[in-house]
Amino acid sequence: MTDAVTDREDTMGAPTAGGWPATEAEAVAEQERIRAAADLSSPGPAPGEVRRIAGVDVTYDEESDLLVAAAVVLDADTLEVVEEAVHTGRSRFPYVPGLLAFRELPGVLAVLEELSAPPEVVVCDGYGYAHPRRAGLAVHLGVLTGLPCFGVAKSPFVFDHAEPGPLRGDSSPLLDPLRSPPEVVGRALRTRPGVKPVFVSAGHGISLDHACAHTLRLTPRYRLPETTRGADGLSRRALRELKAGRREPYGAAER
DNA sequence: GCGACAG
DNA sequence: ATCTTGTCGC
């Protein structure tokens, strides 16, 4: 009776504000415009040319429909936290593979506004150019903000890659198998020896080489960049506190 | 038609 | 994404 697409649209909820897409078709059309506006040729800032580098992430609560977006700005040299911000909102778009940006960006844009000054580079939790329409989260955020952005994802999504060498810094091309010949869209990068690689792709205003260099600078101890770890931790913490605060003190919640 | 599918 | 304890190892 209904296919998967219809089911997803049925879960999208109330009409959205600010011209945000209300359907998957609108979102796809918007991605075509985003792709056309992306800067994929600038080398952008290299490590050492940057002071403030930020990570952004969003955590969701299924039942309440609430979300918390977090931004953590690090000193690019020392990796110390220099600023943090959170923003609470409500989900405007469901998770649909290939349309993640429409779920995450309202919160991310809002939390970036909370910062005292814009960061010089933003690291996204997901993909950039490595996307079916070359318009992943990091591309989209970069186009909307004008900030250099790149993506570091934890899983290969729809792309292919050979196993990188075992050492930190080893990498292999991330390939889109749906193009002939397969196009290089990113890199599987080993950030810790013997540990599963991360998947880096350029977004906007920064090259893949620089994105990988930043990623290695941000991973002195763990697989994932400190920016991502910081933003993920902060958003989870903030959502947990928010839920605790909304609950009645003695479990007298239902009414 | 079916499975896969960033977070 | 989220549900979840302990456990092995540097």
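Hydrogens, waters and symmetry mates are skipped; everything else that's a heavy atom, side chains included, is used.
The CZ atom of A:Arg133 sits 12 Å away from the C1' atom of B:dC5 (whole-angstrom rounding). Nucleotide B:dA6 holds its C1' atom 12 Å from the CD atom of A:Gln31, rounded to whole Å. Look at CG on A:Leu100: it is 6 Å from C1' on B:dA6, rounded to the nearest Å. Across the protein-nucleic acid pair, A:Glu62 atom CD and B:dG7 atom C1' stand 12 Å apart, rounded to whole Å. Rounded to an integer number of Å, the gap from A:His131 NE2 to B:dA6 P is 11 Å.
Two residues are said to be in side-chain contact when any heavy atoms from C-beta on lie closer than 4.5 Å; A:Arg103 and A:Arg92 fail this criterion. Residues A:Leu218 and A:Val152 form no side-chain contact, since every pair of their non-hydrogen atoms from C-beta on lies 4.5 Å or further apart. Between A:Thr228 and A:Glu226 the shortest side-chain heavy-atom distance does not fall below 4.5 Å. With a 4.5 Å cut-off on side-chain heavy atoms, A:Pro97 and A:Leu99 do not count as touching. Using a 4.5 Å cut-off on side-chain heavy atoms (C-beta onward), A:Phe159 and A:Pro173 make no contact. Using a 4.5 Å cut-off on side-chain heavy atoms (C-beta onward), A:Val73 and A:Leu115 make contact.
For the side-chain hydrogen bond (donor to acceptor under 3.5 Å, both in side chains) condition, the pairs that include at least one residue of residues 204-217 of chain A, sequence neighbours left out, are A:Arg187-A:Asp209.
For DNA chain B, the residues of residues 145-160 of chain A within the heavy-atom distance limit of 4.0 Å (strictly under) are A:Ala153, A:Lys154, A:Ser155, A:Phe157, sorted by number. For the contact set between residues 169-198 of chain A and DNA chain B, defined by any heavy atom under 4.0 Å, there are no members.
Within the 4.0 angstrom heavy-atom criterion, no nucleotide atom of any strand lies near A:Arg221.
Residues A:Val82 and A:Val86 fall into different hydrophobic clusters, defined by Ile, Leu, Val, Met, Phe, Trp and Tyr side chains chained together at heavy-atom separations under 4.5 Å.
Taking the ring-ring contact (aromatic ring centres under 6.0 Å, His included) definition, one finds that A:His140 meets it with A:Phe102, sequence neighbours left out. Listed by chain and residue number, A:Arg51 satisfy the side chain to side chain donor-acceptor pair (under 3.5 Å) test with A:Asp75 (two or more places apart in sequence, or in another chain). Residues passing the side chain to side chain donor-acceptor pair (under 3.5 Å) test with A:Glu30, sequence neighbours excluded: A:Arg33. Not counting sequence neighbours, the partners of A:Pro45 by the side-chain contact (heavy atoms from CB on, under 4.5 Å) test are A:Glu49, A:Val50, A:Val121, A:Pro148, A:Ile206. Considering only residues two or more places apart in sequence or on other chains, A:Glu32 meets the salt bridge (Lys or Arg N to Asp or Glu O under 4.0 Å) condition with A:Arg35.
Around atom CZ of A:Arg240, no more than 12 heavy atoms belonging to other residues, nucleotides or ligands sit under 6.0 Å away.
In summary, contact between chain A and DNA chain C, defined as any nucleotide atom under 4.0 Å from a heavy atom of the protein, begins and ends at C:dA1 to C:dT2 in the 5' to 3' direction.
DNA chain B contains no stems of three or more consecutive Watson-Crick or G-U pairs with both distances under 3.5 Å.
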Under 3.5 Å, side-chain donor or acceptor atoms of residues 188-198 of chain A against the rest of the protein: list the pairs with distances, not counting sequence neighbours.
| from | atom 1 | to | atom 2 | distance (Å) |
| --- | --- | --- | --- | --- |
| A:Arg190 | NE | A:Gly165 | O | 2.8 |
| A:Arg190 | NH1 | A:Glu163 | OE2 | 3.4 |
| A:Arg190 | NH1 | A:Val195 | O | 2.9 |
| A:Arg190 | NH2 | A:Glu163 | OE2 | 3.0 |
| A:Arg190 | NH2 | A:Pro164 | O | 2.6 |
| A:Arg190 | NH2 | A:Gly165 | O | 3.1 |
| A:Thr191 | OG1 | A:Arg223 | O | 2.7 |
| A:Arg192 | NE | A:Arg221 | O | 3.3 |
| A:Arg192 | NH1 | A:Pro220 | O | 2.9 |
| A:Lys196 | NZ | A:Lys154 | O | 3.3 |

Taking only Watson-Crick and G-U wobble pairs with both distances under 3.5 Å, what dot-bracket line describes DNA chain C, where [ ] shows pairs that cross earlier ones and | shows pairs with another strand? ..........
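Classified by interplanar angle (parallel below 30°, tilted 30° to 60°, perpendicular above 60°), the ring pair A:Phe157/A:His131 is tilted.
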